[in-house]
Each structure stands twice: as C-alpha cells, then as structure tokens.
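Worksheet: the structure to be examined is printed underneath.
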There are 2 protein chains.
Amino acid sequence: MRLAIDAMGNDRGPRPIVEGVKSFLEADRESKVILVGDRDKLEEELALAAVSDSKRYEIVHASQTVEMHEKVGALREKRDSSIMRLVELVKGGGADAMVALGNTAAAVGAASMVLRTLRDVHRPGIAVPMPTVVPDRPCVTIDMGANTAPKAQHLVDYGVMASIYCEKVLHISNPRVGLLNVGAERGKGNTMLREAYEALQSSSVNFIGNAEGGDIFNGTCDVVVCDGFAGNVILKASEELASAIMGFVKDAANSSPMAKLGALLMKPSLKGLKKQISYETYGGAPLLGINGICIIGHGRSSPFAVYNALRVAKECVTVGINKLIHEHIFKIDSTAGDSVEQD
Amino acid sequence: MRLAIDAMGNDRGPRPIVEGVKSFLEADRESKVILVGDRDKLEEELALAAVSDSKRYEIVHASQTVEMHEKVGALREKRDSSIMRLVELVKGGGADAMVALGNTAAAVGAASMVLRTLRDVHRPGIAVPMPTVVPDRPCVTIDMGANTAPKAQHLVDYGVMASIYCEKVLHISNPRVGLLNVGAERGKGNTMLREAYEALQSSSVNFIGNAEGGDIFNGTCDVVVCDGFAGNVILKASEELASAIMGFVKDAANSSPMAKLGALLMKPSLKGLKKQISYETYGGAPLLGINGICIIGHGRSSPFAVYNALRVAKECVTVGINKLIHEHIFKIDSTAGDSVEQD
C-alpha cells in the first residue's frame, strides 16, 4: 500500500510530518509512504530524523506550496504545488490514498477538481470524529467546512457516508445519526433543514431526529450532520475552548505550592484526559464523497496526529470505503428509482 | 427599582429561583423583586426559603406556564402564562426590567410581540457573555438564537448594541468587534456575510474583521457577531464540551488514591476554574434591541445564576442601556441620512 502525504502544508514545517511518517513506518511494516514536497528539504529532514530504510519511503518533488492564507484560486497558478502533486498521484494510481495537511480549502478544491466526487454524490464533506463523554466513542460530525451552503440532499449523503465510515472504520454498529438544529423538535430550522429531516427519516440511516450543539459531545449521537458553516465554527470554537480549559487547569496546577504537589499526584490521570479530548487521537478527517481516499489533517499537526492520519488513510483503503459508499448510495438511488447505472 | 422574574420557567422548578431572589435581596438593599407565577406554590417556596421581608418582594399570579418543549404559538393560547404576565408588567410600567428563564423562544416571542423592538432596530438579538482565556474579560457573542436567518443590517445592529453593552455594563472600553465566519480573510462567507463585513467596516463600531469560531474564546474579540443558528449551536456545544471536560477532570481525580489526594490539594485552585468557565458567572443574557429590559436566563438556572441575572437586569436599568442604544442607532441613521425622527 502506498500512502502519499503533503509534507509541506504544515504550519510547523516538514519536521513533525517526517517524524510522524517515521513512527508510522515503524509501526506498520507493510505500507510505503510518499512524501510530496521540496526534495532537498525533505532529504535533509529524513536524514535528521534518521529514517534509514529508504525502500519504505519515496519523495515526489513539488517546487511550490499553497500557503495557509491563500485562496483556492491559487491552485490554478501553482500547478507544481505539493497539494496538486498529491491529488495527481492518487488520480494516476501512484498512491492508494492521500493525507493533506495545511490549507483545507485548497485540499478540498484540489481533490474536487482533479479526483471529482463519487458517482451520485454531489458534494464532498469533511467528517471529523469529535471526542464525546463516552471514552473511545467519537461522534463523527460532517460537514466541517467543505460545503457552507448545502442542499438537503447533500446532508442526506453526508449521513449515509458518515454512517458507513462509522461502521467500517470506527467499528460503531448501527450508528445513530442526528441533524444539527436549534431545537430537538421536528419542524425546527429553515426549509432546507426541514427537507433534510424528512429525507433522512425516509433514508436508510438510523436517523434519531434533530440534534442540538451539545449532542455532539454528550454521547447521544454517533453521527451529527450539519452545514459546513456551522460545522466549521463549532470545530474551531471547540478546539479553542478545550485548549483554554486545559490552560486553566495548568494555571490552577501552578497557582500554589500545594496545588503543584496535587497536580504532580494527579499527573498520570490527567495525561489520559489530554488524550481523551484531543483531536489528534482520532487522526485526520476523511473528505467523504471524493473519488479517491483523501484524509484532511490539521494545519498544526504534531507527529502523533500525522501518524494517526496515515493510520486512518490506511484503514480507509483496507476496508474499501469508497466502494462501500458507492454501492450503498447506488442501491438507495436504484431503489428510489431516480438513477440509472452509467459507466 | 422593580425587577420582575419568571418564577415558573426553570427546568428545576421554582426553588432555585426563590433562593436566587433571596440572595439578590440580601445583597441589594434597594431593589424590589416581583415573582411571576403560581401564587400558592411561590408563597410556599418563599416560606421554605425563609424570605422574611415581605416588602421587598411581590407575587404576581399567573395560572399557566409555557413549558420548555412548547412552541412560540403556545403564547397565543396561554395569555395567563408567567412569561406573558412578565412582558405585560414591563409594558405597563409595573416593572423596570424582566428576567425570563426557561423556554427562550417563548421569551423572545413574548418580548417581541408585546414590547416590540427599539425604534430603528429591526430584530432583537440574544447577547451571551462567553468566558475567554482572559480572566474577567468575557466575549459578548450575539445572536445566540433569536434570529436564525438575519440580514446584514441585523448583524450591524447587533455589533452596535453589543458594543454599547460591553462599554456600559461590562466596562470594556472600545470593544473589538469580530464577524463570525469560516476564515479570517475579507471576502469569506456568503453574500449576506460579505455585506455585513462592509457595513460593519463603515459603521461606528471598532470592527476588527472576520472572526473564526476559536476567536470567541481566545481573547482577540470583545464582541462576536453571528447569525442565531451558528450562535445557538456554538453556545450549546460549548456548554456541553466544558461540562464534559469538567467531568473528565472529576473522573481523573477519582481514578486512583494518589489522584484523589492530588485533587484534594488542588481543590482550592480548581474551584476558581469552575467559576471561570461557567455561564453562571456573567449572569443572564440581555435580549438587546427590545423596547424594555429583558434578560434571558438559562433553563437550568442555579440560585447563583438567578442572582446574577437579576444583578445584570439592574445594571441595565441603572445605565439606561436602551436609551444609549436608541441614541446611538438614531445618530448613525441620522448621519447616514436614511431616517427622520418619529416619536
């Protein structure tokens, strides 16, 4: 299996990526990783990190990088950017999956433009597994920003695709799907949301009705479907809030000699806490609906997050997530009688 | 000063409200509180709580309650509900301000229907002071659910009103106003958001540009303006996430005898943490733009939250928040030349 990764997209430079790749290669004896980016820089970092087994990795050179602040339009001018080379590798069969880090809009844009969506899926969605009160039981929230003005049908597709992801990759059986809204009652929200409610109810997913913001974290849903605007602002707000609270806990631990001693005694237990609420634990977020496996990592990924993103990419390939999605969506469409097989 | 409170709206029944009223009356020697609700029940609770000075409070009887799950339409059938009696008290001059607890949609509906909006303000907005990484420096996020499909002008009004609230009630000078969006760059978001961006930039507020979800908590904004859908889902997600993390900290503290001892030593410091991240600290959320002072409390308010909601209501009356908003909005409109004085 060959997994390609954008080695230049990270806010923190290529070092954490190379370190994450190294850990992954040490844990996984079968896969090969293709690092896409500036060859000289990457060779230097690989030597520094003492990644020795050169048969296990490969560098594909890309002379440009789409920076965090750049717009999707930059893709057209930067044909030799690491993200464009990455999607072309997948498109051409040179890689089985890709891990994009950095500019999410550029990653979604490049994947949509070059790989296109799966047949019968109109828009891809970013599915982020969020931590919940139940240990090791994330809530997959989709879409986290690929599609800020979705139609009802897009939300239904998101529900179907995230359910399959939950079942096959996260091993959560019969995942409960909620529709993000401003109240639990049927009939809440605008026309699009009311349409999505009805369509989800008559779909094949285990739809449990409207979900409120808190239901992402309280363990009542395995999948929360939402528009990319709400998803994006919730994701960013949650990350910052969790980090703020952890900062407060740290401050509290340093506020007096007594508290310092207490924190020392609590340290082993608090370590588990950090892991439990960290986005890094579940690795990258799959961009579901793309005709090719594309995992979106965080723009500030640590080696551990990079390791997990590669792990998720591999699992998606192993289970054949896109084949499952395609079969399922095609089956629904056939049953509904509003689609015929093309090809 | 007479402050009226819906004594029946709380999820937890009237007891926490009566207890909160008692604390408020003990701390504030000048105000009088009007409890609106079932007279018999309230007399019983007041006797139980040993609220003795009967000159300091009054009961206004209401035979009905709009329950949490009921829709705004219930207001038309429940003319003798505590929330309807509450807004009528303010309308008729029987109270200087009101504190609504419980069904937020019903409170917004009743206030809009009976009290109406301030002149030149088209839609009221719920302004929630959210905790940030900076101690005692909240970020007022508006709107948290009164108006889920706002126009650009509504968002500008929210920015102006929340700025005045920040300055006059929270004593934050020259508050920095951000517009919630999916990216920091100008030009992000849909047409309405781009219009709001331009209008905020040419308005009188200290507009610092687009804000992302995380900017609510990281101390970069004093006001974050958003549509009521995003605001509502962020508010509920944040409450649940904060409570989940506090639960994890508690679990960590109980996970071993060593951790228990550590937690005991950290207890005084962690107490401050709970206060720092609790919505209760900043009291209720003003419904800005209504012609009358209306504070929206949490549907699960503790006595401390009720106390703080009454305190905020009193401060709004003292500073004359609505006069300030009216003058400011009128001044803007006069300058812009698109409004003439009515009365």
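Every chain is numbered from 1, with letters handed out A, B, ... down the list of sequences.
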- Query: Which region of B:Ala253, side chain (C-beta onward) or backbone (N, CA, C, O), has a non-hydrogen atom less than 4.5 Å from a non-hydrogen atom of chain A, or is it both or neither?
  - Reply: both
- Note on the structure: Looking only at A:Asn190, A:Leu235, A:Ile245, A:Asp251, the option with the highest number of non-hydrogen pairs under 4.5 Å against chain B is A:Ile245
- Message: More than 12 heavy atoms of other residues, nucleotides or ligands under 6.0 Å from CE of A:Met113: yes or no?
- Response: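 Enclosed.
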- Once you round to the nearest 0.5 Å, how far does CE of A:Met266 lie from CE of B:Met266?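 A:Met266 CE to B:Met266 CE: 6.0 Å, rounded to 0.5 Å.
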- Can you tell me how far OG of A:Ser269 sits from CE of B:Met258, rounded to the nearest 0.5 angstrom?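 So the CE of B:Met258 and the OG of A:Ser269 are separated by 10.0 Å.
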- Side chain, backbone, both or neither: which part of A:Lys260 has a heavy atom under 4.5 Å from chain B?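 Neither the backbone nor the side chain of A:Lys260 comes within 4.5 Å of chain B.
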- Query: Where does A:Thr132 contact chain B at under 4.5 Å (heavy atoms): side chain, backbone, both or neither?
  - Reply: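 The answer is the backbone of A:Thr132.
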For [X] and [Y], work out which heavy atoms get closest and say how close.
X        : Y        : value
B:Leu241 : A:Ser238 : CD2-O, 3.5 Å
B:Asp227 : A:Phe229 : OD2-CE2, 4.0 Å
A:Lys71  : B:Arg186 : NZ-O, 3.8 Å
A:Val133 : B:Ala244 : CG1-CB, 3.5 Å

- Can you check whether anything in residues 214-223 of chain B gets within less than 4.5 Å of chain A, heavy-atom wise, and list it by number? B:Gly214, B:Phe217, B:Asn218
- Task: Going by the side chain to side chain contact (heavy atoms under 4.5 Å, CB included) test, name the single residue among B:Ile234, B:Val233, B:Val224 that passes it with A:Val233.
- Result: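 Looking at B:Ile234, B:Val233, B:Val224, the match for A:Val233 under the side chain to side chain contact (heavy atoms under 4.5 Å, CB included) is B:Ile234.
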- Item | Partner residues of A:Ala105 under the side-chain contact (heavy atoms from CB on, under 4.5 Å) criterion, sequence neighbours left out |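 Only A:Val72, A:Asn103 meet the side-chain contact (heavy atoms from CB on, under 4.5 Å) criterion with A:Ala105.
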- residues 177-184 of chain A: residues contacting chain B (heavy atom under 4.5 Å, by number): A:Leu180, A:Asn181, A:Val182
- Query: Which residues in residues 138-152 of chain A have a heavy atom less than 4.5 Å from any heavy atom of chain B?
  - Reply: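 A:Thr148, listed by number.
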